Amino acid sequence: MVVNKETLILSLLLGLLVFVSQPVPSYQEVDFYDWVTQQPANTTDEDAGCAKKDASLSSVEAIRVNNIIDPSATDEGRYNTIGASIANIPDGNTKRYVLTLKAGTVYHEKVFLDKSKPFVTIRSEDPYNPAVIVWSDTAATLGKDGKPLGINGSSTVTIESDYFISYGVVFKNDAPLSKPWAKNAEAPALRVLGTKATIYNCTIDGGQGALYDQMGLHYYKSSTIKGTVDFIFGFAKSLYEDCRIISMNKDAMTLPIAPQPRNAIKAVPGESGFSFKTCTVEGEGQQIYLGRVDLPFMYSYSKIDKEIVPIIYGLDSVQTPTRGEIFGMFKCHRPDRGAPIVFDLNYAEAKPFIGTHFISGNSWIPSLPPAE
Ligand SMILES: *[C@@H]1O[C@H](CO)[C@@H](O)[C@H](O)[C@H]1NC(C)=O
Ligand SMILES: *[C@@H]1O[C@H](CO)[C@@H](O)[C@H](O)[C@H]1NC(C)=O
Ligand SMILES: *[C@@H]1O[C@H](CO)[C@@H](O)[C@H](O)[C@H]1NC(C)=O
């Protein structure tokens with residue numbers, strides 16, 4: 001084939017054009033208003049096109065496998081540990097496995113749900129008398145290889161698979177509370193990195209970094225999240241609705257933040273960020289330090305108990321934010337209405353954040369409470 005000069009130049013130009021127009025994810029210091037404009041504008045659950053259920057879900061939900069986990073059971077067909085029950089779920093399962101925990105029972109185990117096992121529910125038999133899953137590793141705890149577990153390895157429960165549901169369970173890390181911001185002191189109770197996870201009527205109770213909301217689309221509904229500093233963190237895109245957020249740190253309350261700069265995962269605008277809707281933020285600290293430089297977040301219709309400190313902090317220092325390092329609010333109740341970096345959005349700006357459409361939820365959020 002003879003390639004003439006014009007064709008060559010044209011294809012080079014086209015190649016350059018394609019190269020230049022590739023979306024380049026910008027990783028740090030996400031400008032709050034960029035984040036706002038990257039959300040699907042003016043959408044409702046219905047017109048976001050997410051009323052359509054994920055294709056796999058209806059057949060999956062039609063077949064349930066029920067496992068009862070009872071530490072004291074001796075009869076055949078019952079599991080003594082959550083781990084044993086998970087080990088029995090086939091890789092690539094296409095049914096929903098419902099693991100039911102006995103009322104008021106404490107499960108002393110570290111739970112890891114591998115990504116090859118989607119569609120798992122872990123629920124309490126009785127949400128009025130919830131089951132507790134507890135362990136006490138921190139990032140500094142040494143693993144089998146003699147090295148510190150790190151943040152990834154220290155969580156009591158880790159959910160790597162998609163379409164996880166939890167209902168009425170207490171996730172706990174009871175490592176002794178460390179000094180605020182101590183190095184390697186993270187003590188997460190729950191780490192979620194699978195996508196399309198629903199956490200309903202649960203308690204997440206840990207120390208520093210109690211909830212490692214690592215990545216994926218997540219829906220936290222009617223749940224309580226307790227911790228010390230930086231206790232909701234990660235790069236997921238999550239809606240927290242009707243949640244109680246309680247700071248157990250007497251010095252200062254520090255809320256949703258991004259991981260330390262040394263963490264490998266970075267926020268991608270439009271795909272990361274937290275939206276808190278109709279939540280309460282309370283606790284022992286006198287003030288709330290909101291945010292770290294590299295993750296945007298948004299509060300709407302929420303009650304915030306304490307004075308908001310108009311600062312953002314980096315890894316080791318507290319800084320005054322520049323304009324790009326801000327967070328937004330819509331119709332929140334808070335004592336210091338005039339805090340200089342709190343941007344009150346208007347309804348049109350807030351709308352993308354204030355419903356399950358923020359996380360394309362209508363295609364995957366189960367009807368609540370999840371069926372047995
Ligand atoms: C948002 O949606 C409403 C109702 O569908 C419509 O009346 C309005 O014009 C829309 N606003 C924008 C900015 O598109
Ligand atoms: C933590 O987990 C994420 C997701 O699996 C991974 O990308 C990252 O490299 C891990 N970090 C460390 C320090 O192992
Ligand atoms: C879960 O639901 C039960 C029953 O309504 C309620 O008593 C309990 O406080 C709820 N738990 C959380 C963490 O909200």
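Start at 1 and go down the list; that is how both ligands and their atoms are numbered. Remember, it's a predicted structure, so these values are computed and weren't measured experimentally. Worth knowing before you read on, the calculation uses all heavy atoms, side chains too, and leaves out hydrogens, waters and symmetry mates.
Here the OG-NZ distance, from Ser161 to Lys117, works out to 9.5 Å after rounding to the nearest 0.5 Å. Distance NZ/Lys95 to OG/Ser59: 11.5 Å, rounded to 0.5 Å.
Of all atoms in ligand 2, numbered sequentially from 1 with element shown, those under 4.0 Å from a heavy atom of Arg191 are 2 (O). Residue-ligand proximity, Asn152 to ligand 2, at heavy-atom distances under 4.0 Å covers atoms 1 (C), 2 (O), 3 (C), 8 (C), 10 (C), 11 (N), 12 (C), 14 (O). Under a 4.0 Å criterion applied to the non-hydrogen atoms of Tyr128, ligand 3 contributes the atoms 4 (C), 5 (O), 7 (O). Ligand-side atoms of ligand 3 in range of Thr224: 13 (C), range being under 4.0 angstrom from any heavy atom. Less than 4.0 angstrom separates some heavy atom of Gln214 from each of these atoms of ligand 2: 1 (C), 2 (O), 3 (C), 4 (C). Of all atoms in ligand 3, listed by their number and element, those nearer than 4.0 Å to a heavy atom of Cys202 are 13 (C). Of all atoms in ligand 2, numbered sequentially from 1 with element shown, those under 4.0 Å from a heavy atom of Met215 are 4 (C).
For Tyr212, no nitrogen or oxygen atom sits less than 3.5 Å from a nitrogen or oxygen atom of ligand 2, counting backbone and side chain alike. Remark: ligand 3 and Thr203 share no N or O pair separated by less than 3.5 Å (distance only, no angle test).
If you run side chain to side chain contact (heavy atoms under 4.5 Å, CB included) between Ile204 and each of Ile225, Thr224, Ile232, only Ile225 comes through.
Cluster annotation: Leu101 and Trp135 are assigned to distinct hydrophobic clusters (Ile/Leu/Val/Met/Phe/Trp/Tyr, side-chain heavy-atom contacts under 4.5 Å, transitive).
Heavy atoms of Ser222 come nearer than 4.0 angstrom to ligand 3 in at least one pair. Not close to ligand 3: Pro130, with no non-hydrogen atom less than 4.0 angstrom away.
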Intermediate values then yes/no, salt bridge (charged side-chain N to carboxylate O under 4.0 Å, His left out), Asp162 and Lys196: CA-CA 6 Å; Asp162 300 339; Lys196 305 190 175 178; over 6 Å; no
Decide yes or no on side-chain contact (heavy atoms from CB on, under 4.5 Å) for Tyr219 and Ile165, but give the supporting numbers first. CA-CA 10 Å; Tyr219 182 47; Ile165 300 174; over 6 Å; no
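Lys237 forms a cation-pi arrangement with Phe358, by the criterion of a distance under 6.0 Å to the ring centre and an angle within 45° of the ring axis.
Contact annotation: for Glu160 versus ligand 2, there are no heavy atoms closer than 4.0 Å. Here Leu193 has side-chain heavy atoms under 4.0 Å from ligand 2, and that is the only part of it that gets that close.
Not a single donor-acceptor pair under 3.5 Å links the side chain of Thr278 to the backbone N or O of Glu241. Not one N or O on the side chain of Thr141 forms a donor-acceptor pair closer than 3.5 Å with the backbone of Leu149.
Between Tyr347 and Phe330, the ring planes are tilted. Angles from 30° to 60° get that label.
Of the candidates Asn201, Val170, Val169, Asn201 brings a heavy atom nearest to atom 12 (C) of ligand 3.
Atom 9 (O) of ligand 3 lies below 4.0 Å from none of the non-hydrogen atoms of the protein.
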